[in-house]
Amino acid sequence: MAERSTAAVDVADNSGEQPLTAEADQSTADGVAKNREQDTDNDEAQESTGAEGPATTSPPELHSGHKLARRYRLEECVTRLDGFSSWRAVDEKLRRAVGVHVLPADHSRARSVLAAARSSALLGDPRFVQVLDAVEENDLVYVVHEWLPDATELTTLLASGPLEVYDAYQMVSQVSSAMAAAHREGLAHLRLNPNAVLRTSTGQWRIRGLAVNAALRGAGSDTPQRTDTESIGALLYAALTQRWPYENDAYGMSGLPKDIGLIPPDQVRAGVHRGLSELAMRALANDGATASRHESPCTTPEELVKAIGEMPRIRPPEPAFTAPPDYQRTTYQQGSYGRPAASPRVTQPTPVPPPPLQSRTGKALKWAVSALLIAALGLGSWQLADALMDQGGTADDTTNTQTTDGDEKNVPKPERGKPIAISELHDFDPFGQDGSEYPENLPKILDGDPASYWQTSYYESSDFGRLKPGVGVVVDLGKSQDVGKVNVTFIGSTSVELRAAPGDAQSRPTSFDSYDKVAEGAGTSVSLVPKDAVKTRYLLVWLTELPVQADDGRWRGRIADIKVTS
């Protein structure tokens, strides 16, 4: 049964066109402040013709300063073609930058653009540039979306050369996982190219124009999953080689030499990671290309995610070590004592040392200093003996309370190893789609039953399917207290970090960066002991690597018990 995508709702297929990834196309601007898109004339000519005929509707006469819905003020036009225009705008109500696509309500693609935008908005996946509004008003249809001023297009990143191996691995992992999630909801992109993939300042990869870009251009496909998978393969190929895997030049990159076909990336450029090279070929093996090393081709994003999970994990590069400067001999070691070297022909005068204390005043001063030293030694010995006698006299008196002078009288030292009651538990998933991870199971951690547990969602690998760095549980102690040790019991060997919020935190922090790592460990019963003194109300038990559970064969984290002691 042929696949059909909501990205092309009510949009006629452009039969006879080249595969989408083979075209030198570029998507509409979706939120990169300094990277405007420039579509080639050939692409626009191809995509403006189709079963529905050319879109001859003139774009609405808009200008900088025009306001939509008395809220969105248009600032700068970044694309104007084929009957629609794209703008950088300002949401005056929320005081933030946004992007806006505008086209006439009677445009032949207006219905499909609205349908695609609303479907994309319902997905709500943070890995995609979010659609904020989709409205038909005053003979206009406009789609409002996020504007990411700190993000950089993959096109711009590749202008200076191929990506590093770890960056290419992260890009294909995150993009594949995001597209697999979109296809599970019946959404396709169909115009997934280097202009549609962005890297934020935090290193996360975002995808813009899901469904909307295809609807704006009238692009469609009978096999949307194959089309998007091939597009991901082309992105990875370009990231590894800085070459576009087709004969035509595109996105500032040269195409492959004519008449040689599709060759693996590791044959185009030396030093390419072999596993990623094979993965790119498996994703591109949709139109007769042969996958490298006879691996089966990947025809859906889900298959691509599975293939990535089967690869050996690529670790981030180690921080570069800066060698210390060459050792320099000091003037003291050279024997000159900071003085300039003397000419061999000139005899340097020998400095005369200061005279010793031989006068009456000097002798008196020496005797005074000696007397003071003797007195100090005697006083110190007497005080030490007195302290030892007092300690011996009260060693057997357990009813006396040891006190000190000043403001610290009668203050007992805190007991070590005393259990600390846990007031509340909260699930913590700041990098997830909905920020939640089975909160209804949290009471099972404190019920005293080792067979009951709180568990995470299941993932395709021990590192959370490379979707996030971890998940965890926030432990609320009720008030700021001295924490000496936290014992955590897991179902299955699990890697974990203990993190602590600032001691003066008045409310539970919701940002991961608000918790500092104080200890780490791994196993089924882990004792987490901070190296330094910790006083806090909120602790974060942060799972970083999951075990595979025997009952369902999936990677999950399970916490059966948490105990905190001072």
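If you read the sequence from its start, that first residue is 1, and numbering goes on from there. Values below: all heavy atoms of this structure, side chains included; hydrogens, waters and symmetry mates excluded.
Q549 and Y458 are not linked by any side-chain donor-acceptor pair at a separation below 3.5 angstrom, with hydrogens and angles left out of the test. For D228 and H183, the side-chain atoms include at least one donor-acceptor pair closer than 3.5 Å. With hydrogens and angles left out, the side-chain atoms of D513 and S511 include no donor and acceptor closer than 3.5 Å. Under the 3.5 Å distance criterion, with hydrogens and angles disregarded, no donor-acceptor pair is assigned to the side chains of T79 and S86. Residues T155 and N195 bring a donor and an acceptor atom of their side chains to less than 3.5 Å of each other. With 3.5 Å as the limit, one finds no donor-acceptor pair spanning the side chains of Y72 and K93. Side-chain contact annotation: N193 with S231, donor-acceptor N/O pair under 3.5 Å absent.
Around CD of E302, the count of heavy atoms belonging to other residues, nucleotides or ligands within 6.0 Å exceeds 12. Within 6.0 Å of CD in E164 there are 12 or fewer heavy atoms belonging to other residues, nucleotides or ligands. Annotation for Q506: atom CD does not count as buried by contact number, only 12 or fewer foreign heavy atoms lying within 6.0 Å.
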Between Y142 and E136, does the side-chain hydrogen bond (donor to acceptor under 3.5 Å, both in side chains) criterion hold? Intermediate values first, please. CA-CA 7 Å; Y142 55 90; E136 179 179 358; over 6 Å; no
Evaluate the side-chain contact (heavy atoms from CB on, under 4.5 Å) criterion for residues F431 and L467: first the C-alpha distance (whole Å), next the side-chain angles of each, then the deciding distance (0.1 Å), finally the verdict. CA-CA 8 Å; F431 303 103; L467 300 176; over 6 Å; no
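Here the straight-line distance linking atom CG of L543 with atom CD of E437 works out to 9.5 Å at 0.5 Å rounding. One distance of note links CG of L74 with NE2 of H63; it measures 8.5 Å at 0.5 Å rounding. H273 NE2 to Y166 OH: the interatomic distance, rounded to the nearest 0.5 Å, is 13.0 Å. Atom CD of Q225 and atom OG1 of T299 lie 8.0 Å apart (nearest 0.5 Å).
Distance alone, capped at 3.5 Å, is enough to place a donor-acceptor pair between the R556 side chain and the T456 backbone.
Two residues are said to be in side-chain contact when any heavy atoms from C-beta on lie closer than 4.5 Å; R554 and V548 fail this criterion.
For the pair A168 and A239, the tightest heavy-atom approach, listed with the atom from each and the gap, is CB-CB, 4.3 Å. Of all non-hydrogen atoms in P297 and E303, the two that sit nearest each other are O-OE1, 3.8 Å. Contact detail for L187 and S120: the closest heavy-atom pair is CD1-CA, 4.0 Å.
The ring of W542 has its center closer than 6.0 angstrom to the ring center of F512.
Evaluated for a side chain to side chain donor-acceptor pair (under 3.5 Å) with R208, the options H145, E153, E146 yield exactly one hit, E153.
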